[in-house]
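Contents: one structure, followed by commentary.
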Amino acid sequence: MVNAAWVNDDIVVLHRTGEGGLAAKKFPAQYTCYLRASDVSNEDLRKLRDWKHIKALKREGSWWRLTWANWKVLRKACEKGGLFDRADIPTFEADLHPVRRFFTDNPIVIARPKRAYIDLETDSRKPIAQTIDGRSRILCWSIVNEHGEKIAGVLEEDTDEAERELLEDFWYELKSYEQVIAWGGDDFDFEVLKRRCWRLGMEVNLKRWLWLDHLTLFRRMNMSASESGDEKQSMALDSVSHAILGVGKAPVDAALSWEYWAAGGAKREELVRYCVRDTNLMRLIEEKTGFIDLHQKVCEVCTTLPDSRGVNPTNFVEGYLLKLARERDVHFKSKFSFDRNDIDQFEGAYVMEPARTGLIENVHVCDFASLYPSIIITWNISPETYRPDIKLRESAGSRPSYLSHLPLKEYPIPEGHCAALNDAVFTTEFTGVLPEALIRLLELRSVWKEKKNAEAPGTDKWKEADRRSSGYKIVANSCYGVMGSPFSRFYEPAIAEAVTVSGQWLLKKTIAAAEDRGYEGLYGDTDSCFIANVSREAFSAFVDWCNKELYPNLLNERRCMRNAIKLSYEKQFRRMIMVGKKRYAASFAHYEGKDATADSKPEIKGLEYKRGDTLRLARQFQHQVVSKLLYEDLDQEQYTALVGQWRQRILEHELELEDVVMSKRISKPLDEYKQRLKKDNTLSSRPAHVELAIELNKKGADIRPGQRIRYIVADASVSPMKVISDKDFDGNNFDRFYMWENLVYPPTQRVLEAVYPGKHWNSLLKARPRKTRARAPAKPKVDLRKNGSVLLPGFE
DNA sequence: AACTTTGGCAGGCAGT
DNA sequence: ACTGCCTGCCAA
């Protein structure tokens with residue numbers, strides 16, 4: 001099956017014919033809910049059978065399956081305050097979308113769709129918001145397929161008739177494809193197409209295609225892949241293709257598309273070439289990253305349509321679990337919406353305070369393989385195995401206050417059950433749907449990982465196996481998060497917490513066991529232990545012992561039905577700089593047994609170097625110092641001198657735009673940023689980038705959530721500080737003192753202070769001259785433009 | 001229009 | 001110089 005849609009009480013399925021063509025088939029949509037058989041009396045059943053809104057009532061295992069006449073009555077009867085709610089009979093899966101219902105009930109195999117990458121150019125004379133609303137003409141379109149075949153159309157003249165013709169050609173060409181991919185398509189191209197056709201009175205069945213936003217997918221998949229903050233500056237297609245493909249900037253400014261089109265002739269052709277080139281970039285990015293292929297595998301595993309919605313974990317995890325649950329006679333509670341009051345925060349992972357900071361030699365790291373999935377399997381954690389009625393200790397509120405000094409009574413774990421470390425109890429009499437799902441996923445993952453390893457790297461078979469094994473892993477790792485999400489039908493904070501708190505316990509026990517042996521427990525975060533003062537052989541033996549002795553014994557205490565917990569010896573750092581929780585840098589001695597080579601890159605976590613919201617100069621400075629600390633043996637004076645050079649560079653030398661610009665994202669609609677009332681009855685100012693965004697918005701820019709604001713701090717000696725747009729940079733209108741004191745030096749200062757403790761480093765911080773009055777910015781002593789290359793020793 | 005989680009650090013604003 | 005709060009972004 002390629003696609004399916006709910007149309008007028010039918011599920012219309014598009015599927016491949018034997019010859020590779022496409023055919024449509026209709027099935028009646030099922031408006032269905034389940035009731036637990038034990039919840040309904042014979043009397044209830046009789047009434048339901050006679051009710052005209054119910055078309056069928058069928059016994060399925062321990063459930064009654066009700067099929068309703070239409071979607072509306074189903075909802076009305078099952079929603080909060082509806083018939084069943086009032087009768088106190090819980091309904092199950094009543095809210096399920098008919099397409100998901102169809103996928104769950106039938107043996108569906110999701111096929112790989114034929115892909116079309118598309119891009120549009122629109123009339124640039126109107127603001128973008130109006131264009132998205134369909135008020136600008138589409139000037140040209142282009143389609144590129146997976147094989148690199150390109151086709152484009154361009155508007156003949158500035159009339160509705162011409163545009164209709166242009167779009168008719170587009171839809172005609174698109175008929176050869178099943179999936180449409182555009183960079184930022186959800187926010188722009190798809191919306192524009194829909195509205196433009198609607199305005200021009202064209203009837204197009206948009207449900208015929210799978211619409212996939214490449215940007216959304218890329219952002220999700222690339223989260224863990226990017227190295228430095230440099231790569232996080234922008235998600236525009238040009239920036240991403242630059243980072244991934246090394247392709248430079250486009251020669252045509254999209255803001256001038258109208259001028260290009262209106263000029264006609266060669267200019268107009270240039271616009272079309274630009275459009276095609278951009279479209280092709282997506283194909284090349286996919287060739288390099290394979291993210292769309294990976295998404296396809298996730299969707300195939302989960303019986304989810306490979307469109308933008310399919311990217312969401314709640315969606316694909318639901319697809320996988322519902323199908324498996326139905327096989328196993330399990331159904332899930334209806335969930336129409338959620339109440340804000342029903343959201344319970346739950347405890348997360350354990351992060352150990354580093355035992356010491358600074359330079360540390362020979363640190364060994366072990367981590368738990370797929371920790372949360374293995375905990376779910378080990379404790380049999382699932383909505384239907386959870387026994388909230390079984391308590392392991394007396395609750396504090398249940399006894400009179402004069403007894404409150406006595407310890408609370410504890411009860412043993414009952415036979416046939418196990419207990420997570422938040423004392424949530426789960427039955428062990430049968431395997432839960434969630435553990436079963438994870439067992440299968442992890443098994444398939446390892447099967448495909450082995451197949452991958454049997455192939456020559458880089459070949460098609462290798463790639464295919466690699467995608468599959470990654471796909472299974474993604475689905476497995478998403479399950480925990482989905483249990484903890486109020487948007488999901490599996491939301492159950494107590495269960496999510498059973499997972500995290502049990503993880504805390506395992507991690508703490510592991511570090512304690514290492515310390516018992518005289519090793520140094522240095523640091524740990526969620527599923528990893530950093531251990532020093534131990535040899536490679538001893539550490540390897542320790543990991544084996546944990547797996548053979550420690551965990552089986554611990555899990556026995558909690559009465560777990562099986563043991564899926566596995567610790568692995570991941571790597572050894574030759575030298576690491578520990579700065580604080582979630583902040584460190586390290587050079588490798590070996591990784592999974594493979595020795596590091598001269599060109600092995602350091603591992604850097606959490607430091608400003610990794611962040612996209614720091615100054616480029618700050619990243620460069622920090623990276624240089626961190627590299628020297630890890631790979632060279634300078635003394636403290638040499639670092640002091642280096643700091644002095646950077647200080648001078650920031651305070652006195654010519655700096656270019658990219659050295660002084662900051663970039664932060666707008667995360668929500670601008671009017672939702674909080675402003676509190678100050679004591680003088682005026683409103684407090686918002687963060688600098690928000691204030692600037694609001695200002696730009698007033699001037700006609702269209703700033704929306706997700707967009708990055710580039711700004712320069714012009715004067716931080718006043719509060720709130722004065723910022724300007726990067727467009728207004730003139731080479732001198734920025735605050736050097738602020739840059740050094742607040743943005744460039746502190747990140748490196750913290751690293752140096754960790755390695756060489758003491759007050760020494762602070763003496764290089766202060767830079768701003770004492771306040772006289774409106775201070776003139778320092779003049780550069782040396783003009784880099786005239787002198788050319790690097791002037792001072794120590795720069796790289 | 002939809003939405004995987006918690007833990008953690010750092011900077012700016014406003015107040016003491 | 002300190003705190004609380006808001007915000008952004010990263011680790012896991």
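Order of the sequence lines sets the chain letters (A, B, ...), proteins ahead of strands, with each chain counted from 1.
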### Message
Going by the rule salt bridge (charged side-chain N to carboxylate O under 4.0 Å, His left out), which residues pair with A:Arg101 if we only count those two or more places apart in sequence or in a different chain?
### Response
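For A:Arg101, the residues satisfying salt bridge (charged side-chain N to carboxylate O under 4.0 Å, His left out) (neighbours in sequence not counted) are A:Glu93, A:Asp105.
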Could you check whether [X] gets within reach of a base, just the sugar-phosphate, or nothing at all, counting any heavy atom under 4.0 Å?
X        : answer
A:Arg708 : sugar-phosphate
A:Tyr738 : sugar-phosphate
A:Ser667 : sugar-phosphate
A:Asn742 : sugar-phosphate
A:Arg611 : base
A:Pro747 : nothing
A:Gly612 : sugar-phosphate

### Message
Based on the rotation axes of five pairs at each end, what angle does the helix from B:dT5-C:dA12 to B:dT16-C:dA1 bend through, to 10°?
### Response
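The two end axes of the helix from B:dT5-C:dA12 to B:dT16-C:dA1 meet at 10°.
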### Contacts of A:Thr682 that satisfy side chain to side chain contact (heavy atoms under 4.5 Å, CB included) - sequence neighbours left out
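Listed in chain order: A:Lys678, A:Asp680.
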### Task
Please name all residues satisfying side chain to side chain contact (heavy atoms under 4.5 Å, CB included) with A:Cys529, sequence neighbours left out, ordered by chain then number.
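Residues passing side chain to side chain contact (heavy atoms under 4.5 Å, CB included) with A:Cys529: A:Cys366, A:Leu507, A:Thr510, A:Ile511, A:Ile531.
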ring-ring contact (aromatic ring centres under 6.0 Å, His included) involving [X] - partner list, sequence neighbours excluded:
X        : result
A:His364 : A:Phe539, A:Tyr569
A:Tyr673 : none
A:His689 : none

Rounded distance in Å - [atom1] ([X]) to [atom2] ([N]):
X        : N      : atom1 : atom2 : answer
A:Lys674 : C:dG8  : NZ    : C1'   : 14 Å
A:Leu677 : C:dC5  : CG    : P     : 17 Å
A:Phe368 : C:dA11 : CZ    : P     : 21 Å
A:Gln504 : C:dA12 : CD    : P     : 16 Å
A:Glu231 : C:dC9  : CD    : P     : 16 Å
A:Lys664 : C:dC9  : NZ    : P     : 8 Å
A:Leu607 : C:dA12 : CG    : P     : 11 Å
A:Asn222 : C:dC10 : CG    : C1'   : 14 Å

### Message
Among A:Arg611, A:Arg619, A:Arg616, which residue satisfies the salt bridge (charged side-chain N to carboxylate O under 4.0 Å, His left out) criterion with A:Asp230?
### Response
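With A:Asp230 as partner, A:Arg611, A:Arg619, A:Arg616 yield a single salt bridge (charged side-chain N to carboxylate O under 4.0 Å, His left out), made by A:Arg619.
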### Message
Quick check on contacts: within residues 340-354 of chain A, what sits under 4.0 Å from DNA chain B by heavy-atom distance?
### Response
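Only A:Gln345, A:Phe346, A:Glu347, A:Gly348, A:Ala349, A:Val351 qualify.
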### Query
Starting at the 5' end of DNA chain B, which residue's closest nucleotide do you reach first, A:Met721 or A:Arg750?
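Whichever sits nearer the 5' end wins; that is A:Arg750.
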Distances under 3.5 Å only, N/O to N/O: pair up the protein atoms with those of nucleotides 1-4 of chain C.
none

### Message
Let me confirm one number: the OH-OG distance from A:Tyr551 to A:Ser374, rounded to the nearest 0.5 Å.
### Response
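Reported value, rounded in 0.5 Å steps: 10.5 Å.
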### Query
In terms of the angle between their ring planes, are A:Tyr386 and A:Phe426 parallel, tilted or perpendicular, with boundaries placed at 30° and 60°?
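Judged by the thresholds at 30° and 60°, the geometry between A:Tyr386 and A:Phe426 is tilted.
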So, is [X] near the phosphate of [N], with a side-chain N or O under 4.0 Å from OP1 or OP2?
X        : N      : result
A:His689 : C:dT7  : no
A:Tyr584 : C:dA12 : yes
A:Lys232 : C:dC10 : yes

### Query
So is A:Lys508 actually on top of A:Tyr350's ring, under 6.0 Å and inside 45° of the axis?
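Here A:Lys508 passes the 6.0 Å and 45° test against A:Tyr350.
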### Query
Per the ring-ring contact (aromatic ring centres under 6.0 Å, His included) rule, which among A:Phe621, A:Trp740, A:Tyr745 passes with A:Trp646?
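Output: one option passes, namely A:Phe621.
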### Query
What pairs of residues pass the salt bridge (charged side-chain N to carboxylate O under 4.0 Å, His left out) test when at least one of them lies in residues 521-532 of chain A, not counting sequence neighbours?
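Counting only pairs at least two positions apart or across chains, the salt bridge (charged side-chain N to carboxylate O under 4.0 Å, His left out) contacts touching residues 521-532 of chain A are A:Asp525-A:Lys582.
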### Query
According to the salt bridge (charged side-chain N to carboxylate O under 4.0 Å, His left out) rule, which pairs have a member within residues 474-489 of chain A, sequence neighbours left out?
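Passing the test, one end in residues 474-489 of chain A: A:Asp95-A:Arg489, A:Glu318-A:Arg489.
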### Task
Determine whether more than 12 heavy atoms belonging to other residues, nucleotides or ligands lie under 6.0 Å from atom NZ of A:Lys473.
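Open: at most 12 neighbouring heavy atoms sit under 6.0 Å from NZ of A:Lys473.
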### Query
Counting only heavy atoms not in A:Lys333, do more than 12 sit closer than 6.0 Å to its NZ atom?
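No.
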### Query
5' to 3' on DNA chain B, which nucleotides open and close the contacts with chain A (atom under 4.0 Å from a heavy atom)?
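In short, chain A contacts DNA chain B from B:dA2 to B:dT16.
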